[in-house]
Amino acid sequence: MRALCWHGKEKVQVDTVPDPKILNPRDAVIRITSTAICGSDLHLYNGVVKTMEAGDILGHEFMGEVVETGSEVKKLMVGDRVVVPFTIACGQCLSCQQEFFSLCDNSNPNAWIPEKAYGDTTAGLFGFSHMLGGYAGGQAEYVRVPFADVGPLKVTSGIPDEKLLFLSDIFPTGYAAVERCKIKHGDVVAVWGCGPVGQMAIRSASILGAAKVIGIDRYASRLALAEKGGAETINYQECEDLEQEIKSRTGGRGPDVCVDAVGMEAHGTTAMAKIDRVKHAMLLETDRPYVLRQVIQCCRKGGRVSIPGVYVGLVDKFPIGTAFSKGLTLTMGQTHMQKYMKPLFDLVEAGRIDPSEIITHRVSLEDAPAAYRLFRDEKNEAVKFVLKPGAPKIMPERN
Amino acid sequence: METSLTINRTPDELFGFWRNFENLPRVMEHVESVTILDERRSLWRVRRPGEDVIEWDSEVINEHPNELIAWRTLEGSDVHHAGTIRFSPAPGGQGTEVKLTVEYEVAGGKFIAALAKLFRRSPEQQMREDLRHFKQIMEAGEIPTTIGQPAGREENKTEKYEEAK
């Protein structure tokens, strides 16, 4: 099959590789009909995530059709149309039974690495380093899906792929980021970063009953998309003092809920390489700890801070005194996908949200190398790429 | 050496699986077979590709149903060790706390080194992985793996991580 493989920093290419097969009784194999590039894939592209190996297949936002099932798969049948969550969960450990699916005890074959780095293991993910399981990803024609009765959501309606595809990650991730802050009547929600997750958080905040949503970014097209999603916006590059601007828009209080949809990643958090303190911003290319500090500084006292943006290492000068003094509640982590997919599918089906409105590029899987580069370098132009396996190549090569 | 994990099964389910030692090659990757000799004694065969088979006879020296199994190797075995596995209900009925303790008697001063070579990892980490595999089998019904999946490379580097445990 054809698959987008990582071959080092800024080097990805579509290779012909063997087709995946069933390796365990609870596996299924899916033929992928649509797959996307996530903002977090850019960390892999930029070479800042350790425990990647040349040849690893990327991609963790995909959907398709079941073509093969293992002997212990009971709920899925060949021919079923499914959206697959990026988190792999066994469904039967205590973490899964408490709906902490992204903390599954049993799905990471390399559990020993996060166990040494973080003190415990978390779920395996598709296409996101060997520390997180080393599972081949879904920017490919086919993918093997472990624990296939637990993750994939069967979708039988006639809704097109592109309205459902983001149930695989960014819609639940943006939604959960706001939902876990328990929106109350009259709450103002501010979202730092109007990338794909921020866009989903903005739309979810309105659905969850926020009185006002503020989107913060520096790219005009992303701010326009946030406005389309119901937010008022701030271009932080155009205001002198972001904190004052936010205060002035909230009667001096600050937002009740602040969402860091930017995140930060650090080099070398594996057991094999000592954790160092190199920080790397996600989506917004500002000073690394800047957004997290700002979110805590701006949040209303007694408010809630939610961190869907990815952090993997250490940060300097975390303003714990500010968070403590204002009595903030912090909530964070990878999304417990399996808990959210069905209710959010229902919202899409009911027409309450159309996640596809953030798509800027629909191209072939064969275009993926050019798409990665454009997505990283032209954030105003490119918000979200959807890749179609088997479609003809349409993007010019870029250097 | 001691390691603990909580497993989302009852003590009697876990005790029942472990006490049938012939089940243990499923969770102990280097154990090729266990043969039950009688109610208390069993024969263990461990093999690494390209290496000699190591065998030992093991004897149950203490046993409390659904709580504890203790064993030690018999005189004349290639390997000398003693171990205990304890099962106790976790607070709030949230599964069973399982504690595995193993002591090695150094036979001729060479045994630990031989064991490390055999397992390609520290005996402590090997014990941890064996207990983790027990949990994975009891909860998920299978041990997660990526060995055999596709990648855009010749050699399988995935195995590097799974074998580096």
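Computed from a prediction, not measured in an experiment: that's the story for all the values here. Protein chains get the first letters and strands the later ones, always in sequence-line order, with residue 1 at the start of each.
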Original post:
Minimum heavy-atom separation for Tyr135(A) to Thr145(B), with atom names?
Top reply: CE2-O, 3.9 Å
Original post:
What are the two closest non-hydrogen atoms of Arg144(A) and Gln149(B), and how far apart are they?
Top reply: NH1-OE1, 4.3 Å
**OP:** Please state whether the side chain, the backbone, both or neither of Ala136(A) comes within less than 4.5 Å of a heavy atom of chain B.
**Re:** both
Would a 4.5 Å heavy-atom cut-off, applied to side chains only, mark [X] and [Y] as touching?
{"X": "Pro144(B)", "Y": "Pro109(A)", "answer": "yes"}
{"X": "Gln94(B)", "Y": "Gln98(A)", "answer": "yes"}
{"X": "Ile57(A)", "Y": "Pro150(B)", "answer": "yes"}
{"X": "Glu115(A)", "Y": "Arg128(B)", "answer": "yes"}

Original post:
Would you say Lys99(B) has more than 12 foreign heavy atoms packed within less than 6.0 Å of its NZ?
Top reply: no
Original post:
Should we say atom NZ of Lys9(A) is surrounded by more than 12 heavy atoms from elsewhere, each under 6.0 Å from it?
Top reply: no
Original post:
Quick one: which of Glu139(B), Met138(B), Gln136(B) gives a side chain to side chain contact (heavy atoms under 4.5 Å, CB included) with Cys93(A)?
Top reply: Glu139(B)
Can you measure from [atom1] ([X]) to [atom2] ([Y]) and round to the nearest 0.5 angstrom?
{"X": "Asn8(B)", "Y": "Gln92(A)", "atom1": "CG", "atom2": "CD", "answer": "9.0 Å"}
{"X": "Leu94(A)", "Y": "Ile7(B)", "atom1": "CG", "atom2": "CD1", "answer": "10.0 Å"}
{"X": "Glu129(B)", "Y": "Trp112(A)", "atom1": "CD", "atom2": "CH2", "answer": "8.5 Å"}
{"X": "Asn106(A)", "Y": "Glu142(B)", "atom1": "CG", "atom2": "CD", "answer": "9.5 Å"}

Subject >> Residues of residues 15-31 of chain A contacting chain B, heavy-atom criterion under 4.5 Å, by residue number >> reply: Asp15(A), Val17(A), Pro18(A), Asp19(A), Pro20(A), Lys21(A), Leu23(A), Asn24(A), Pro25(A), Arg26(A), Asp27(A)
